[in-house]
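Note that this is a predicted model, so its numbers are computed, not measured.
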Amino acid sequence: ANPSQKISVTTLKPIITMTSVSDLETYGDQLTGKFTVDLLNATESKVVLALGGDGASAYTISPTVIKTFPSEVTYTFAPSSVGTFNATVTATSANADNQELKIKGVSKEIVAPVLQEATEIESSGFTANWNEVVGATGYILNIYDANGNAVDGYENLEVGNVTTFVVDNIAPEQTYTCDVYAVSGNNKSEKSNKIQITTPKGAVVTYVAIGEFETPAGATAEKTIYVDGVNLTGDVTVSLDGDAAFSTNVSSITATEGAANGAVAITFAPTVVGAYSATVSLATAGAKTKTINISGKALPSTVTALAATAV
């Protein structure tokens, strides 16, 4: 009989690979990157990913457990402050050497915008202007009265990604102060320089805005718009245009010795579930007509179950 033959079997060690990535730079916006994970000669078809390092809290990765190869992994950079964030993605699998991937993200500082001279200054408003800030995705505007108090409707007002904004519904013959700052994601610049604007004398109607209505269909809700007028030569006409679910109790506000002060009650009475909108106009001779957008939401009616009784 032939002697038995020995067979030598070589087991290949599992190998994890990860593709390299580029650095991420942002002014505060959330960014994402991708890399590919592969596993060769697998003992078990699974790779587990974990984040570590001083800057790891600024990142998330998905997925963290991979069972199909090669697979793409997404990492998200969402910094909460300005700075450089370094982290390490560690990949592990049974019998394989751990592999590490270095990731780096930089969150840059947003500089403050520069306010320019106001334009189109009128009795009831003006246009604010500022320069565009690199990396900004929006701006926040503040208007203060002569006592330093925020003007109603203009405290930390998000005006969008614009460099000019029309300020309206303010009083004549008053001095106002304006400033603005830039934002991007979680980052916010320092406030800009301040400018002062003095509105000239003229006929002006102002109002206090109301919020959105919300009530079950079939029910009613009421809100009040408070109206003031100065330097007027006639009464203030009140008109409403839009969905019939809205109505008002007055058609005019009387001006006495050039001044008007009144309340416009708006009733919202929707009959079916849905969204509603309308406009209220305040007009008087010599003054800029004010148009107020109003909206309402009719919700499904809540049905209360009655307790069962013995029969």
*asked:* Tell me whether Glu72 at atom CD has more than 12 heavy atoms from other residues, nucleotides or ligands lying less than 6.0 Å away.
replied: yes
*Can you tell me how far CD1 of Ile61 sits from OG1 of Thr76, rounded to the nearest 0.5 angstrom?*
10.0 Å
*For Ala182 and Pro113, work out which heavy atoms get closest and say how close.*
N-CD, 3.8 Å
_Considering all heavy atoms, the nearest Val37-Phe69 contact_ = O-CD2, 4.0 Å
*Is there a donor in the side chain of Thr74 and an acceptor in the side chain of Thr32, or the other way round, less than 3.5 Å apart?*
no
*Does a side-chain heavy-atom distance below 4.5 Å link Val204 with Pro172?*
yes
Solution key, residues 85-94 side-chain donor-acceptor pairs under 3.5 Å, sequence neighbours excluded:
residue: Thr88; atom: OG1; partner: Lys102; partner atom: NZ; Å: 3.2
residue: Ser93; atom: OG; partner: Lys46; partner atom: O; Å: 2.7

*May I ask you to decide if the ring planes of Phe165 and Tyr154 are parallel, tilted or perpendicular, using 30° and 60° as cut-offs?*
perpendicular
*Using the ring of each side chain (for Trp, its six-membered ring), is Tyr139 parallel, tilted or perpendicular to Trp130, with breaks at 30° and 60°?*
tilted
*Output all residues satisfying side chain to side chain contact (heavy atoms under 4.5 Å, CB included) with Thr199, sequence neighbours left out; order by chain, then residue number.*
Ile170, Gln174, Tyr176
_Asp168 vs Lys290 side-chain heavy atoms within contact, under 4.5 Å_ = yes
_Can you tell me how far apart CG (Leu12) and CG (Leu40) are? Round to the nearest 0.5 Å._
10.0 Å
*asked:* Apply side chain to side chain contact (heavy atoms under 4.5 Å, CB included) to residues Leu49 and Ile66 and explain how you reach the verdict.
replied: CA-CA 8 Å; Leu49 303 178; Ile66 303 169; 3.8 Å; yes
*Any side-chain donor-acceptor pair under 3.5 Å between Thr163 and Asn129?*
no
*Given Ile294 and Val280, is the side chain to side chain contact (heavy atoms under 4.5 Å, CB included) satisfied, shown in steps?*
CA-CA 7 Å; Ile294 57 176; Val280 175; 4.1 Å; yes
*Indicate the atoms forming the closest heavy-atom contact of Tyr181 with Ser189, along with that distance.*
CB-OG, 3.4 Å
*Ile110 vs Ser184 side-chain heavy atoms within contact, under 4.5 Å*: yes
*Run the numbers on Lys104 and Val106 for side chain to side chain contact (heavy atoms under 4.5 Å, CB included), then give the verdict.*
CA-CA 7 Å; Lys104 178 182 178 180; Val106 179; 4.1 Å; yes
*Between Ser81 and Asn187, which heavy-atom pair has the shortest distance, and what is it?*
C-OD1, 3.9 Å
Mind listing the side-chain donor-acceptor pairs of residues 222-232 below 3.5 Å, one per line with the distance, residues two or more places apart or on another chain?
residue: Asp228; atom: OD1; partner: Asn261; partner atom: ND2; Å: 2.4
residue: Asn231; atom: ND2; partner: Gly202; partner atom: O; Å: 2.8

*asked:* For Glu212, is the CD atom crowded, meaning more than 12 foreign heavy atoms sit under 6.0 Å from it?
replied: yes
*Answer whether the closest heavy-atom distance between the side chains of Ser124 and Asn169 falls below 4.5 Å.*
no
*Any chance CG of Asp54 has more than 12 other-residue heavy atoms, nucleotides or ligands included, within less than 6.0 Å?*
no
*Considering all heavy atoms of both residues, which atom of Asp235 and which atom of Thr284 are nearest to each other, and what is their separation?*
O-OG1, 2.9 Å
*Report yes if some heavy atom in the side chain of Glu214 is under 4.5 Å from a heavy atom in the side chain of Leu299; otherwise report no.*
yes
*Closest approach of Cys178 and Leu141, non-hydrogen atoms and distance?*
SG-CD1, 3.4 Å
_Between Asn293 and Ser277, is there a side-chain donor-acceptor contact under 3.5 Å, judged purely by atom types and distance?_
no
_side-chain hydrogen bond (donor to acceptor under 3.5 Å, both in side chains) between Thr175 and Thr198, worked out_ = CA-CA 4 Å; Thr175 297; Thr198 300; 2.9 Å; yes
*asked:* Could you tell me if the side chain of Glu155 sits less than 4.5 Å from the side chain of Asn142, heavy atoms only?
replied: yes
*Carefully, step by step, assess Thr119 and Phe126 under the rule side chain to side chain contact (heavy atoms under 4.5 Å, CB included).*
CA-CA 6 Å; Thr119 55; Phe126 60 90; over 6 Å; no
*Give me the ring orientation class for Tyr75 and Phe35: parallel if the planes are under 30° apart, tilted from 30 to 60°, perpendicular past 60°.*
tilted
_Test item: Leu240 and Phe246 side chains (from C-beta on) under 4.5 Å apart, heavy atoms_ = yes
*Mind checking whether Lys13 and Asn95 have side chains closer than 4.5 Å, heavy atoms only?*
no
Would you tabulate the side-chain donor-acceptor contacts of residues 145-153 under 3.5 Å, counting partners in other chains and residues two or more places apart, or write 'none'?
residue: Asp145; atom: OD1; partner: Asn147; partner atom: N; Å: 2.9
residue: Asp145; atom: OD1; partner: Gly148; partner atom: N; Å: 3.1
residue: Asp145; atom: OD1; partner: Asn149; partner atom: N; Å: 2.9

*Just wondering, are more than 12 heavy atoms of other shown residues or ligands nearer than 6.0 Å to NZ in Lys191?*
yes
*Can you name the residues that form a side chain to side chain contact (heavy atoms under 4.5 Å, CB included) with Ser281, not counting sequence neighbours?*
Ser239, Thr289, Thr291
Do any side-chain atoms of residues 19-27 form donor-acceptor pairs under 3.5 angstrom with protein atoms, and if so which ones, sequence neighbours left out?
residue: Thr19; atom: OG1; partner: Thr36; partner atom: N; Å: 2.8
residue: Glu25; atom: OE1; partner: Lys108; partner atom: NZ; Å: 3.2
residue: Thr26; atom: OG1; partner: Gly28; partner atom: N; Å: 3.0
residue: Thr26; atom: OG1; partner: Asp29; partner atom: N; Å: 2.9
residue: Thr26; atom: OG1; partner: Asp29; partner atom: O; Å: 2.8

